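In what follows, a structure is listed as C-alpha cells, so that the remarks can point back to it.
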Amino acid sequence: QPATLGRGDAGSTKAAAHFVFVPLNEQGHLIPAVDTALLLATHGALCTIVAPPSTAARVRHTVDAARHSGLPVRLVEFPLDYAAAGLPEGADHADRIEPRYMMSYYRAVALLRAPIERYLRARAPYPTCVVSDFFNPWTTELAAGLGVPRLSFFCMCAFSILCQHNLERFHAFAGVEDSNEPVVVPGLETRRVVVTRAQAPGFLRGIPIPEWEVLADYIERARAEADGVIFNTFLELEPEYAAGYAAARGMKVWTVGPVSLYHQQAGAAATLASRGKGNNDTPAVDAAGCLRWLDGRDPGSVLYVCFGSIAQPEPKQVVELGLGLEASGHPFVWVVRNAGGYDEAVRGFLDELEARVAGRGLIVRGWAPQLAILSHAAAGGFVTHCGWNSMLEAIVAGLPVVTWPHFADQFLNEKMAVEVLGIGVSVGVKEPLTYQAVKKEIVVGRDVVEAAVRSVMGGGEEAERRRRRVRALAAKARAAVQEGGSSHANLLDLVKRFEPRDN
Ligand code: UDP
C-alpha cells in the first residue's frame, strides 16, 4: 500500500529553503541521505546534492527519476583531485577502499570545499542550510564560509548514537583493561544496557594509527558544533533516546524517517527496486526475476539474508551459513556480496547448494533489490548484520530479525532490536570481526544459524509476540511519515525553518 506523504507547497511564490547535501560515498550513508533530500524536496525545498562523480553515479538514476517527477532536486558533480590527496586514481568508494588509503580519501573529499563553495556562490538561489554526513567534518568550514547553518545527518539510530556519546562523555571504559569486559552505558534513564569497548569503541576510535585519532577528534568537534541533527529514525520508535541525544548535545534533533518510505509512496515507486543499484562493480540481480520468484512463495514464508554493503563473511562462514539455511528448511533469498571474489571452493559450494535447494532458496550474487524484497508479501524474516538502514527497513516491512552484527554501530543496533524493541533473535556474536585493525576468526556454526532461523521463522508464542511487536512498529513507522505524523511534521519544520530570512 503506497504511503501518501503529502506534497508540499512547491508552487508557492515564496523563496524556498535550499538545502545542500554533502553525503558520504558509502551506500549505508549515501542512500538514506539522498532519500532525505528527496523527502525535503517533496515538501517544496530545493535540494542540491554535491558529490564526486563516483558517488553521484550510485544515485543518479534515483535523483533523475525524482527530477522527472517534478521534484526540485539537483545532483552536482565535483571531481576529486587524486594527486593532491595522494589517492590512487579511482579509489573513491569509502566502502570498498583499502584501509591504507582511507585518510587520503577523506583528504580528497575535504579538498572539494573550495570548488563547492565557489559553485554555490555563483548560482542562485543561495543555500540556506548545509546538511552533511557526520563523516564530513570539513563541512563546518563550508557552512561557515557560506554563512549558513549546518546540520549533521545521522544514518544511525538515536539509541546507538546516544549510547556511544554517553560512553565517551562519561569515560565509561576508563580503567577497563579488557576490551571484552561489559560495562553499563551511563546516563540512560529507563534501561540498563551493557556493552564492551570492542562492541562500541567510538567512531574511528581505538585504531592504532595516530592520523585516525586526529580525524576522530575533528569529527567529534564538527558534531558538537553542529546547529542540529537529522536522524533517519522516527520519534515513536525511540522517543527517550532522541530526546536524550538532543539534551546531551544541547541541540535540536529532527527525526525524519523511515526515509526509505520515500520509495513506497505513489509516484516514486519506480525507484523501489533500483535504490542504490548504481553500485557499478557488483552486478545487480534481475529485480523482476527475483520478485517473480517471490510471487511463487507463500505469504510470510521467505527468509531474507543480507549483510549490507560492506561486510564480507569469510569463506568458512559462507559455508556454515549456507548449510544452516539449508538445514532450517525455510525458503530463503540469500545475498552474497561480491560472490565472484571468493575462491573456487566457495563458488562451487554456492552452486551446489543452489542446486540442492532449487525452488526453495535463491542466491543473489551481487546487489539485491532489498527494499522491494522486504516489502514483498512472501517475506517473513530477515537475517541482518544490523546496519541501521537494514534494521529500519525490516521494521517498515514488519519483519522480525535474526541479528548478526559485524562492526561499527551494529552491536548497539542489535541491542536496540533484541533488548529494547523485542523484535530479534541474536546469533550470539560478541566481538566485531575486526577490532583495532586485527581480524578475528569468528565463525557462527550451522547449528546456531539453523536454531536462530527456526526461532524467528517458526510458530510458537515468542515468535508470534515478536511478529506482533514489529508489525505494530511498522504501522507506527508509516503513520510517522504521513500527514500529521511526527517525521512528516519535522520535515515541514525543516523546510519552514530554513526558508531564506527575507521571505
Ligand atoms: N542494500 C541493497 N541491496 C543490497 C545490499 C544493501 O539495497 O544488496 C541497501 C539496503 O537496503 C540499505 C543499505 O543498502 O539501505 C545498507 O545499509 P545498512 O545500514 O543496512 O548497512 P551498511 O551497508 O552500511 O553496512
Side-chain angles (χ1 to χ4, degrees), residues 23-36 38 55 58-59 61-62 93-97 133-135 153-157 159-161 203 231-233 257-264 271-287 290-291 304-313 332-341 362-376 379 382-397 399 401-414 416-417 424 432-434:
L24 182 77
N25 198 7
E26 283 193 11
Q27 294 281 19
H29 292 240
L30 177 60
I31 289 173
V34 169
D35 287 350
T36 303
L38 299 184
T55 311
R58 286 178 156 178
V59 291
H61 67 287
T62 298
H93 293 91
D95 45 15
R96 289 207 305 270
I97 213 161
D133 191 284
F134 69 94
F135 263 109
F153 176 74
F154 280 110
C155 52
M156 294 149 175
C157 65
F159 168 78
S160 299
I161 296 285
F203 299 107
F231 272 113
N232 178 21
T233 185
V259 298
S260 64
L261 279 167
Y262 166 81
H263 297 273
Q264 292 181 16
T271 45
L272 179 72
S274 59
R275 186 172 174 253
K277 184 179 120 183
N279 191 25
N280 9 46
D281 72 341
T282 46
V285 65
D286 165 21
C290 187
L291 296 175
Y304 175 67
V305 186
C306 180
F307 293 145
S309 63
I310 304 171
Q312 189 75 49
F332 62 85
V333 175
W334 176 17
V335 184
V336 182
R337 197 181 90 83
N338 192 22
L362 182 67
I363 299 178
V364 174
R365 295 164 177 80
W367 191 254
Q370 178 161 313
L371 263 194
I373 292 172
L374 293 177
S375 52
H376 193 285
F382 183 1
V383 179
T384 173
H385 70 309
C386 305
W388 181 244
N389 295 290
S390 293
M391 198 75 97
L392 200 51
E393 289 159 18
I395 290 171
V396 169
L399 300 179
V401 288
V402 171
T403 58
W404 191 326
H406 285 60
F407 44 72
D409 56 327
Q410 296 159 13
F411 286 89
L412 287 166
N413 296 342
E414 172 182 63
M416 176 72 171
L433 292 174
T434 305

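Just so you know, ligand 1 is whichever comes first in the structure, and atom 1 is the first atom listed for that ligand. Remember, it's a predicted structure, so these values are computed and weren't measured experimentally.
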Quiz item: Purely on distance, is any nitrogen or oxygen of Q27 under 3.5 Å from one on ligand 1?
Solution: no
Quiz item: Is any N or O atom of A368, backbone or side chain, closer than 3.5 Å to an N or O atom of ligand 1?
Solution: yes
Return yes if some donor-acceptor pair links the side-chain N/O of [X] with the main-chain N/O of [Y] below 3.5 Å, else return no.
X: R365; Y: G340; result: no
X: N232; Y: V259; result: yes
X: R337; Y: S309; result: yes

Quiz item: Under the side-chain hydrogen bond (donor to acceptor under 3.5 Å, both in side chains) test, which residues partner T36, sequence neighbours left out?
Solution: none
Quiz prompt | side-chain hydrogen bond (donor to acceptor under 3.5 Å, both in side chains) against D133, all qualifying residues, sequence neighbours excluded | solution = H29
Could you tell me if any non-hydrogen atom of [X] lies under 4.0 Å from any atom of ligand 1?
X: E393; answer: yes
X: M391; answer: no
X: I31; answer: yes

Self-check item: Qualifying residue for side-chain contact (heavy atoms from CB on, under 4.5 Å) with V402, from T384, V383, V305
Solution: V383
Quiz item: So do the side chains of H385 and I310 get within less than 4.5 Å of each other, counting heavy atoms only?
Solution: no
Could you check which of [options] puts a non-hydrogen atom nearest to [atom]?
atom: atom 17 (O) of ligand 1; options: D409, N389, V336; result: N389
atom: atom 21 (O) of ligand 1; options: R337, Q410, H385; result: H385
atom: atom 10 (C) of ligand 1; options: H29, H406, M156, Q370; result: Q370

What residue and heavy atom of the protein are closest to [atom], and at what distance?
atom: atom 14 (O) of ligand 1; answer: W367 CH2, 3.5 Å
atom: atom 20 (O) of ligand 1; answer: S390 OG, 2.5 Å
atom: atom 23 (O) of ligand 1; answer: S309 OG, 2.4 Å
atom: atom 16 (C) of ligand 1; answer: G28 CA, 4.2 Å

Quiz item: For ligand 1, is any non-hydrogen atom under 4.0 Å from C306's backbone (N, CA, C, O), its side chain (CB onward), both, or neither?
Solution: side chain
Quiz item: Between CZ of F332 and OH of Y304, what distance do you get to the nearest 0.5 Å?
Solution: 13.5 Å
